[in-house]
A.B. asks: 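Starting off with a structure, shown below.
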Amino acid sequence: MHYENYETKKRILDKIKEYGRILIFRHKRPDGDATGSTKGLQRILKLTYPEKEILLQNCDFADYMAFLGGEDELIPDEKYADALGIVIDTGTEERISNRKFSLCKELIKIDHHINIAPYGDLMWVEEERSSACEMIADFYATFKDELKIDTEAATYIYCGMVTDSGRFRFRSVSGDTMRLGGMLLDLNIDVDTLYANLYMKEFNTFKFESYAYGKMQITENGVAYLHVTKEMQEEFGLSQEDASASVSLMDSIKNSLIWLAFIDNDDGSIRVRLRSRFVTINCIGEKYSGGGHACAAGATVYSVEEMNSLIADADARLKEYKENNEGWL
Ligand code: AMP
């Protein structure tokens, strides 16, 4: 299982060996996969090459991933010039959190998103992987005679695999996912603590959720949607992350194969989270300044009119899908 793209992975390992300073980047508004994959690779490289400087250089953080621990301070610009940059879990250059990534001497892209915008001097992209963390686990497994790992690294990586695969539920989960997950579990991950950290919510969040159930709507052809306005966020004391998590409240409504959460941003724009089962929706995300995976995409709209237009597009997409396909739920 470890021989697919072996040459590319080998070239990445050779590059890592070549450099004394390696800077690891990820996307803005990081999730469990972006956080876990970068911290996991950093830990593996630190254990294996204690003489090298391996730093996470990112500009924003996810509060709900804070339990995985802190990250490194940003270093001065001049320290980038002789560094190797590795960007993980980030489909496009625009989404890289730290804009100084381009100062690195060489850049490697490791990603599992659809490769619509290639970048970097060396790319390892496997679109069918359930998470970037799965790729980091595979990278370790491929070179396990050379690389070192421990429980801490395994926990970071497993955390990203669990979160990005919907707890091993999405169709991107393969036998490889489970084999690599099993390899990590064998390293004594404390799953009780991990899942407690992933599932615990403030009491107020439950109150918001009961309110949100009352607010969600469904279009004629079955697109479920919810607009989490600034007022709602203030009333329930929601962080951006709490508000954004509301998309999952709509994930199991029968006949609603597409569901959308609109979350007001501070700058007046509206973040869109698009989700679906069976039907692909990244084309809708791409139309509204976004993109992503077939069944999980993101976008941004700038007015309620544009929001309604996106809902109408999703409704038309679902109508067409239902007319031409059978067996969906
Ligand atoms: P999210 O709803 O933010 O979790 O995004 C779902 C998926 O779509 C993730 O895999 C993101 O990487 C991707 N995505 C989100 N926003 C964008 C964007 N503006 N451009 C491209 N891809 C995006």
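For ligands, and for the atoms within them, numbers begin at 1 and follow the listed sequence. Below, each value reflects all heavy atoms present in this structure, side chains not excepted, and no hydrogens, waters or symmetry copies.
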A.B. asks: Pick from Leu84, Asp121, Ile24: which one makes a side chain to side chain contact (heavy atoms under 4.5 Å, CB included) with Ile108?
C.D. replies: Leu84
A.B. asks: For atom 9 (C) of ligand 1, grab the closest protein heavy atom and report residue, atom and distance to one decimal in Å.
C.D. replies: His113 NE2, 3.9 Å
A.B. asks: What protein heavy atom sits nearest atom 11 (C) of ligand 1, and how far off is it?
C.D. replies: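 For this ligand atom, the closest protein heavy atom is Arg95 NH1, 3.5 Å.
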A.B. asks: Asp176 and Ser174: side-chain donor and acceptor closer than 3.5 Å?
C.D. replies: no
A.B. asks: For the residue pair Ile270 and Phe262, what are the closest heavy atoms and their distance?
C.D. replies: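 In this case the closest contact between Ile270 and Phe262 is CG2-CB, 3.6 Å.
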A.B. asks: Looking only at the aromatic ring of each residue, does the gap between the centers of Phe206 and Phe236 stay below 6.0 angstrom?
C.D. replies: no
A.B. asks: Just need the protein heavy atom nearest to atom 14 (N) of ligand 1, so name the residue and atom and give the distance.
C.D. replies: Gly291 O, 3.4 Å
A.B. asks: Does the ring centre of Phe278 sit less than 6.0 Å away from the ring centre of Tyr321?
C.D. replies: no
A.B. asks: Within less than 4.0 angstrom of ligand 1, does Glu286 place any heavy atom?
C.D. replies: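 Under 4.0 Å: no for Glu286.
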A.B. asks: At a 4.0 Å cut-off, with the gap strictly under it, does some heavy atom of Gly285 reach an atom of ligand 1?
C.D. replies: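 No, Gly285 has no heavy atoms under 4.0 Å from ligand 1.
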A.B. asks: Less than 4.0 Å between a side-chain N and a carboxylate O, is that true for Arg29 and Asp60?
C.D. replies: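 A salt bridge is absent here (no side-chain N lies under 4.0 Å from a carboxylate O).
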A.B. asks: Is it the case that His112 and Asp89 place a side-chain donor and acceptor less than 3.5 Å from each other?
C.D. replies: yes
A.B. asks: On a heavy-atom basis, which atom in Ala314 and which in Ile284 lie closest, and how many Å separate them?
C.D. replies: CA-CD1, 3.7 Å
A.B. asks: Write out the residue and atom name of the closest protein heavy atom to atom 18 (C) of ligand 1, then the distance separating them to 0.1 Å.
C.D. replies: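 Closest protein heavy atom to atom 18 (C) of ligand 1: Gly290 CA, 3.6 Å.
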A.B. asks: Can you tell me which residue and heavy atom of the protein come closest to atom 3 (O) of ligand 1, and the distance to 0.1 Å?
C.D. replies: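 Here the closest protein heavy atom is Arg271 NH2, 2.7 Å.
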A.B. asks: Backbone, side chain, both or neither: what part of Ser289 comes under 4.0 angstrom of ligand 1, heavy atoms only?
C.D. replies: backbone
A.B. asks: How far is atom 15 (C) of ligand 1 from its nearest protein heavy atom, and which residue and atom name does that atom have?
C.D. replies: Gly298 CA, 3.4 Å
A.B. asks: Starting from atom 7 (C) of ligand 1, locate the nearest protein heavy atom and write down its residue, its atom name and how far away it is, to 0.1 Å.
C.D. replies: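 Closest protein heavy atom to atom 7 (C) of ligand 1: Ala296 O, 3.3 Å.
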A.B. asks: If you measure from each heavy atom of Gly91 to ligand 1, is any distance below 4.0 Å?
C.D. replies: no
A.B. asks: Does ligand 1 have any atom sitting under 4.0 Å from a heavy atom of Arg29?
C.D. replies: no
A.B. asks: For atom 4 (O) of ligand 1, which of Arg273, Lys28, Glu94, His293 has the closest heavy atom?
C.D. replies: Arg273
A.B. asks: Is there a polar contact between ligand 1 and Leu274, counting only N or O atoms under 3.5 Å apart?
C.D. replies: no
A.B. asks: May I ask you to decide if Glu152's main-chain N or O and Arg43's side chain share a donor-acceptor pair within less than 3.5 Å?
C.D. replies: no
